[in-house]
Amino acid sequence: MDNLQEYKKAIEAVILVSDNPVEPTLLAQLLEIPMTEVEQICIALAEEYAQQERGFVLANVAGGYRFQTDPDMAPYVERFVLEGQGSRLSSAALETLAIIAYKQPISRMQVSAIRGVNVEAVIRTLLQRGYIGEVGKDTGPGSASLFGTTPLFLERLGLSALTDLPPLADFVPDADVVEALEGGLRPEGFEDRATMMTAESKGETRNDDYL
Amino acid sequence: MDNLQEYKKAIEAVILVSDNPVEPTLLAQLLEIPMTEVEQICIALAEEYAQQERGFVLANVAGGYRFQTDPDMAPYVERFVLEGQGSRLSSAALETLAIIAYKQPISRMQVSAIRGVNVEAVIRTLLQRGYIGEVGKDTGPGSASLFGTTPLFLERLGLSALTDLPPLADFVPDADVVEALEGGLRPEGFEDRATMMTAESKGETRNDDYL
Amino acid sequence: MTYEVETPVFSGPFDLLLHLILQDEVDLYEISLGGIIDSYIQEIQRMEDVNLAVATEFLLIAATLIELKSRRLLPDTSDLDLEEELALWEERDLLLARLLECKTFKDASHVLKTLTLDAALSYPRLSGMEDQFIGLLPDLLEGVSGEDLHEAFLRATAPKPELDLFHVTSVKLTVAETVEYLIEELPQMGRVTLRELTSAAVDRVEVVVYFLSVLELYKQGVIDLTQIATFGTLTIEWLGVDTETGLLGIDAYEG
């Protein structure tokens with residue numbers, strides 16, 4: 001057996017017994033090979049499984065590799081496990097989580113300011129579920145806790161790293177939403193004047209965008 | 001994808017997630033195919049893995065199938081266990097241990113009901129490590145084993161008695177009450193929600209979380 | 001009478017305002033600030049048990065909206081103090097900026113949700129290692145403290161947040177009301193199952209409210225709960241209230 005085959009086998013065996021995603025650095029250390037080689041092997045293995053249409057996949061989540069079932073097999077697997085891993089998060093929890101994910105490290109107050117509500121309870125729940133953790137203290141007065149997402153968060157989202165999140169810029173509202181909000185908040189006394197002033201251009205926009 | 005390929009995938013997926021060796025009768029039931037076909041598929045899979053020199057094998061143990069590491073890879077697995085993250089108690093194991101510590105004596109079923117997942121493997125590990133032990137039998141039908149923590153557990157945590165554990169808030173229903181409540185909360189069309197209403201979630205944390 | 005089949009649940013003042021403005025997106029130039037204010041105030045009124053911090057935020061925004069509207073009532077806007085005028089526009093821009101930020105994260109959260117749902121279709125192998133390796137493990141409890149265990153317990157028993165109850169919802173039924181109702185009804189019913197009690201419930205929030213109420217009564221010791229088989233029917237039996245002391249301190253659950 002050549003070395004590459006031995007490494008492949010060893011990586012498969014180690015990942016199989018671990019109940020957490022196995023970091024490539026750890027595999028590199030165990031096999032005494034460079035990490036880039038570990039990653040090449042893992043990618044090759046994942047491709048083999050896909051090609052051979054295995055019921056399991058080698059996934060890169062939360063910075064490590066693990067075996068997990070092919071999503072297509074979920075109907076079979078679900079009859080087997082007591083509960084899906086993810087009881088769903090409420091929209092309030094998801095929005096809070098999104099803010100923390102993109103703005104970390106961030107304090108409770110800062111999250112509250114963005115959402116416009118007290119987020120105490122939501123944050124406590126997210127902490128309890130292990131999706132976020134305290135990652136530091138604010139340097140300002142009061143030294144408030146700063147929160148960030150955890151590896152479990154990445155695991156639950158099936159992401160390898162935070163950089164895999166779609167960029168926030170993708171979600172900045174489109175011009176028409178901005179315009180709608182702007183219009184909705186125009187002081188009405190002014191709206192008349194503004195409408196008169198820009199009646200023509202508005203008419204055009206409407207035809208294009210709102211038909 | 002033809003049927004045979006689908007069956008293969010499903011069998012691989014189910015065996016991957018199962019805590020215990022999966023009996024062929026169970027797989028036959030799940031896939032609605034004869035048991036002989038299940039066994040043929042499993043033999044074929046085992047041969048494929050051997051031929052492809054995988055680091056894992058499909059073993060037939062205790063009347064069921066499970067993935068385990070290729071014996072040749074034992075040195076790597078041992079190194080991983082000794083040096084790697086394998087030496088950390090997973091959060092799943094810690095949660096199970098915490099439930100047993102606070103709710104003892106408690107049956108496997110009751111722990112499962114609280115965690116919402118099968119805890120078989122974790123309990124086996126905790127038993128083998130001597131952190132928990134069987135402390136009695138349930139008086140109900142089936143007389144399930146009841147588990148509790150051991151003196152070794154206290155020693156490792158540096159506690160002199162269980163009462164040294166940080167106390168829980170006043171109202172935490174017992175596991176059986178919790179279970180009863182959970183079960184009662186399954187009106188029609190509500191089944192899929194029932195798991196998230198796990199009993200103890202009605203406990204002391206509620207007051208805060210529903211504000 | 002119009003009946004809202006799907007009552008929107010607003011998780012904050014921005015959320016509500018976004019909804020009110022954007023639901024009419026197609027009629028961009030028909031949007032009436034007055035209409036938004038009316039709906040907004042109505043929504044605040046529907047929230048009976050909102051906590052103070054939340055209510056304050058809602059009212060603050062309502063005030064800004066009203067100020068924007070009041071401009072219309074002034075006979076001649078040209079008389080306005082320029083400074084006041086600018087202050088209002090500034091306030092408005094601030095509100096607009098916050099709404100845009102809120103909308104950004106709201107949309108981002110939808111993607112997180114999709115990712116979560118997709119990821120939940122794959123199940124990891126968690127059964128760990130074969131027995132012969134477990135024995136090799138060094139002390140697993142190394143560095144674990146009682147506090148860690150306590151935290152793990154809370155994590156394991158934490159309410160799953162899907163119930164959506166920890167933020168402002170439009171639940172019509174409150175736990176306190178339901179407790180009162182049950183205290184009146186249960187003595188006549190004798191033994192009743194939770195399923196029977198909630199047979200008329202229209203949504204799961206209502207079932208949950210009933211559940212919380214039953215739990216509250218159980219906590220107060222005025223009812224008994226029995227269940228023959230695991231996951232079987234939950235039967236509630238009235239035990240009676242000590243009329244002298246009555247019920248003490250029913251927790252105020254805020255919907």
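Residue numbering restarts at 1 for every chain, and letters A, B, ... go by the order of the sequence lines.
- Here the closest non-hydrogen pair linking Tyr102(B) and Gly146(C) is OH-O, 4.5 Å.
- Partners of Glu120(B) by salt bridge (charged side-chain N to carboxylate O under 4.0 Å, His left out), not counting sequence neighbours, listed by chain and number: Arg108(B).
- Applying the salt bridge (charged side-chain N to carboxylate O under 4.0 Å, His left out) rule to Glu237(C) yields the partners Arg191(C); only residues at least two apart in sequence or on another chain are considered.
- With respect to chain C, the highest number of heavy-atom pairs below 4.5 Å among Ile15(B), Val17(B), Leu16(B), Thr125(B) belongs to Leu16(B).
- Legend: salt bridge (charged side-chain N to carboxylate O under 4.0 Å, His left out) pairs involving residues 110-127 of chain C, not counting sequence neighbours: none detected.
- Here the closest heavy-atom approach between residue His150(C) and residue Pro166(B) is recorded as CD2-O, 3.5 Å.
- With a 6.0 Å radius and a threshold of 12 heavy atoms from other residues, nucleotides or ligands, Gln104(B) has its CD atom above the threshold.
- Only the backbone of Ser18(B) comes within contact range of chain C, with at least one heavy atom under 4.5 Å from a heavy atom of that chain.
- Contacts between residues 151-165 of chain B and chain C, counted as heavy-atom pairs separated by less than 4.5 Å, involve Phe153(B), Arg156(B), Leu157(B), Leu165(B).
- Only the side chain of Gln128(B) comes within contact range of chain C, with at least one heavy atom under 4.5 Å from a heavy atom of that chain.
- At a 4.5 Å heavy-atom cutoff, Ala13(B) makes no contact with chain C through either its backbone or its side chain.
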